[in-house]
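For reference, the structure is listed below as structure tokens.
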Number of protein chains: 2
Amino acid sequence: MASDDQPVPVFPKPVTLRDVAARAGVSVATASKALNDQGRMTAETRERIRETARSLGFRPNSLAQSLLRRRSFTVGLLTNDTYGRFSLPLMSGISDALVDAGVSVFLCNVEEDPRLGQLHVEAMLDKRVDGIIATGKRIDRHLPVDLSNLRVPVIYAFTQPDPDAVAFVSDDGGGARLAIEHFRRLGRKRIAHVTGPASFAVVHERAQAYRAVLTENGLPVIEPLLGAWSEAWGHDAVAKLFDGNGEKPDAVFCGNDQIARGVIDALRERGLGVPNDVGVIGFDNWEIVAEATRPPLTSVDMNLAALGREAGLTLLSLVGGKSAAPGIRKLPCRLVVRQSCGRPPDG
Amino acid sequence: MASDDQPVPVFPKPVTLRDVAARAGVSVATASKALNDQGRMTAETRERIRETARSLGFRPNSLAQSLLRRRSFTVGLLTNDTYGRFSLPLMSGISDALVDAGVSVFLCNVEEDPRLGQLHVEAMLDKRVDGIIATGKRIDRHLPVDLSNLRVPVIYAFTQPDPDAVAFVSDDGGGARLAIEHFRRLGRKRIAHVTGPASFAVVHERAQAYRAVLTENGLPVIEPLLGAWSEAWGHDAVAKLFDGNGEKPDAVFCGNDQIARGVIDALRERGLGVPNDVGVIGFDNWEIVAEATRPPLTSVDMNLAALGREAGLTLLSLVGGKSAAPGIRKLPCRLVVRQSCGRPPDG
DNA sequence: CTTAGCTGGGAAAAGGTTTTCCCTTATCGG
DNA sequence: CCGATAAGGGAAAACCTTTTCCCAGCTAAG
């Protein structure tokens with residue numbers, strides 16, 4: 001009585017199926033059936049109910065549906081990639097694959113904190129997610145959580161904790177091949193490889209592909225230079241490659257775009273032109289870096305969005321009760337050609 | 001009969017409160033009360049029920065709780081920041097503020113697609129999110145969706161669609177002040193400003209602060225150079241600033257870290273040393289860029305995680321029925337000092 | 001011994017939807 | 001006109017939890 005005027009904004013009560021039914025003069029059962037194309041009734045009744053629902057702005061309460069169907073139409077995405085460089089493109093692909101099925105995605109960044117990971121996983125399970133997708137920064141950089149023996153299906157993207165898990169990763173060996181073959185086709189003869197630390201599995205996988213392609217083609221193999229994933233390392237590596245007395249490389253395949261950036265800067269400092277004197281290819285195709293490089297950097301793209309799509313669709317089929325063979329699925333990379341290797345294809 | 005052996009993994013049925021109650025020999029009502037510290041019963045009964053729940057691994061079904069409480073303990077985060085450079089730190093802050101309240105976050109990237117935006121917002125509302133946080137790439141870069149008159153509270157972070165909305169943004173003017181004051185304290189006299197396009201509100205806000213601080217201190221104002229948010233523009237801007245005949249700047253305040261990067265590279269090409277000849281400060285403190293710059297870049301950090309925290313907490317109080325004054329809340333930036341201005345504070 | 005009051009615990013409704021089963025009425029063939 | 005059948009629609013259970021009563025039994029005061 002004292003205060004009819006609330007300053008707090010009051011939100012209207014959602015309209016329920018019951019409201020629709022009452023307004024249309026039928027039972028909730030009939031209303032439900034009308035809206036879901038179930039049961040039998042005259043076309044007019046069905047249409048009348050639908051029209052009523054429309055005019056009232058009825059939207060079924062997903063919580064009630066989920067409770068009954070034992071499916072929440074949500075999935076969880078776990079990541080520890082703070083800046084989202086990998087996980088966001090992945091997320092886009094996943095979301096893209098799932099949005100049409102009406103599935104939404106909980107994103108949880110667990111950093112490297114097992115406690116936080118545990119907390120988020122429990123929150124997801126309590127919310128009855130239909131499944132979980134776990135990503136890492138790299139295939140052998142796992143999340144600080146144990147997801148085995150959960151009550152829901154789990155899919156790994158860009159990481160693989162154990163051989164029995166269902167995992168989608170990029171074919172890094174294939175990506176390396178793509179790069180080296182590209183150099184070869186352009187006539188490059190002495191191709192070097194500057195990459196990240198030995199502690200990463202992909203470093204070895206790519207190095208192996210690098211050696212294989214060169215050997216297959218009778219080109220000299222320069223022992224890959226392992227270092228950090230940084231620009232600074234790219235810079236230093238150029239010193240090792242170009243400051244000696246031996247024959248100099250005419251191409252450098254880099255483990256990521258930042259290394260490539262450092263390599264290009266260092267080459268410029270030595271008066272070597274890219275792409276004329278030396279061709280450079282990066283990895284990751286991190287557009288914001290690759291495009292800003294001078295010249296714009298040709299780079300191997302891991303197709304993360306596509307990878308996310310596949311992971312999303314597979315999770316969906318798992319949720320639907322189908323089974324999926326355990327193990328790794330490698331998805332192909334693609335080469336994005338810019339101007340750091342010379343002779344772009346169309347021009 | 002024909003096939004007892006399913007190859008599909010079968011997930012165990014979740015244990016319900018009913019199971020706990022049956023096992024403990026009480027009614028579900030009593031079981032519920034025992035677990036929620038409600039109602040009256042002997043301490044032994046309560047403990048027995050709790051022990052039973054523990055041993056059975058009971059976790060309450062969040063969907064059922066939500067249905068009853070009319071709160072889903074989820075919020076939606078809308079963004080159009082594909083690479084997540086801004087939205088991921090924001091997300092971390094939000095998540096951090098909400099996880100203790102048991103709230104999970106749906107992340108939706110709507111790109112620039114109104115249809116996708118609509119789709120995601122409807123999915124969120126159907127899932128009965130308790131509220132929505134909308135972010136943009138910049139304060140005047142809005143999402144392609146209309147969030148007014150929704151059934152749930154909405155908070156904007158890093159963007160503000162209209163003056164009546166509740167919005168949290170960084171204090172870009174204050175950030176600019178921080179940078180210029182820093183230069184001034186270090187004794188820089190001719191401070192230039194190279195920034196983004198005129199179409200961004202923050203460009204003007206920062207430029208105004210830039211002019212104000214210089215004027216207050218009797219230092220010369222060099223008309224800010226507006227261009228793109230790119231390295232290339234930073235590069236070009238140096239030509240405009242340093243290739244003429246007039247007196248040269250001894251400091252450049254840049255609109256983002258990429259511009260700063262371009263500026264530093266261009267200065268180096270002209271034989272000008274950073275920080276000795278020219279000091280440089282960036283904006284955004286995008287660590288992966290700022291730290292890789294040579295020398296490492298001093299940069300204004302927008303405290304996005306803190307901003308996300310505030311936004312999250314405010315949304316929570318709004319959901320709790322409290323009200324929040326409409327309008328913008330500006331949160332302070334901070335200056336992260338590295339080596340691009342000379343004389344770091346401690347050493 | 002009666003009655004008020006407390007204690008421990010349970011029955012049932014509520015939340016919103018879907019689905020199964022049942023009932024009523026109309027239609028049709030004979 | 002009778003019985004069978006189909007058509008249209010409704011009642012109620014189910015999903016799982018919380019919360020509001022309510023009841024039975026006991027204690028203590030009068």
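In the text below, chain A, chain B and the rest are named by the order of the sequence lines, each starting its count at 1. Quick caveat, the model's predicted, so the values are computed rather than measured.
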- With sugar-phosphate meaning primed atoms plus P, OP1 and OP2, does B:S32 contact a base, only sugar-phosphate, or nothing at under 4.0 Å between heavy atoms?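 Base contact - B:S32 has a heavy atom under 4.0 Å of at least one base atom.
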Donor-acceptor pairs are to be reported for all side-chain atoms of residues 144-155 of chain A against protein atoms at under 3.5 Å, with residues two or more places apart or in another chain.
from: A:D146; atom 1: OD1; to: A:S148; atom 2: N; distance (Å): 3.1
from: A:D146; atom 1: OD1; to: A:S148; atom 2: OG; distance (Å): 2.6
from: A:D146; atom 1: OD2; to: A:S148; atom 2: OG; distance (Å): 3.3
from: A:R151; atom 1: NH2; to: A:L125; atom 2: O; distance (Å): 3.4

Answer yes or no: is there an ion pair linking [X] with [Y], defined by an N-O contact shorter than 4.0 Å?
X      : Y      : result
B:D37  : B:R50  : yes
A:E310 : A:R329 : no
B:R54  : B:E51  : yes

Check this one for me: any side-chain N or O of [X] less than 4.0 Å away from OP1 or OP2 of [N]?
X     : N      : result
A:Q38 : C:dT18 : no
A:N61 : C:dG15 : no
A:Q65 : C:dG16 : no
B:R18 : D:dC16 : no

Rounded to whole angstroms, how far apart are [atom1] on [X] and [atom2] on [N]?
X      : N      : atom1 : atom2 : value
B:L17  : D:dT18 : CG    : P     : 7 Å
A:L35  : C:dT19 : CG    : P     : 13 Å
B:R151 : C:dG16 : CZ    : C1'   : 13 Å

N/O to N/O distances under 3.5 Å, protein versus nucleotides 8-10 of chain D:
from: D:dG8; atom 1: N7; to: A:R40; atom 2: NH2; distance (Å): 3.0
from: D:dG8; atom 1: O6; to: A:R40; atom 2: NH2; distance (Å): 3.3
from: D:dG9; atom 1: OP1; to: A:T45; atom 2: OG1; distance (Å): 3.0
from: D:dG9; atom 1: OP2; to: A:T42; atom 2: N; distance (Å): 3.2
from: D:dG9; atom 1: OP2; to: A:T45; atom 2: OG1; distance (Å): 3.2
from: D:dG10; atom 1: OP2; to: A:S27; atom 2: N; distance (Å): 3.0
from: D:dG10; atom 1: OP2; to: A:S27; atom 2: OG; distance (Å): 3.3
from: D:dG10; atom 1: OP2; to: A:T30; atom 2: OG1; distance (Å): 2.6
from: D:dG10; atom 1: O6; to: A:K33; atom 2: NZ; distance (Å): 2.6

Identify all side-chain donor-acceptor contacts of residues 88-97 of chain B below 3.5 Å with residues at least two apart in sequence or on another chain.
from: B:S92; atom 1: OG; to: A:N109; atom 2: ND2; distance (Å): 3.3
from: B:D96; atom 1: OD2; to: B:R309; atom 2: NH1; distance (Å): 2.7

- Looking at B:F158 versus B:F86, is the centre-to-centre ring distance below 6.0 Å?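 Yes, close enough.
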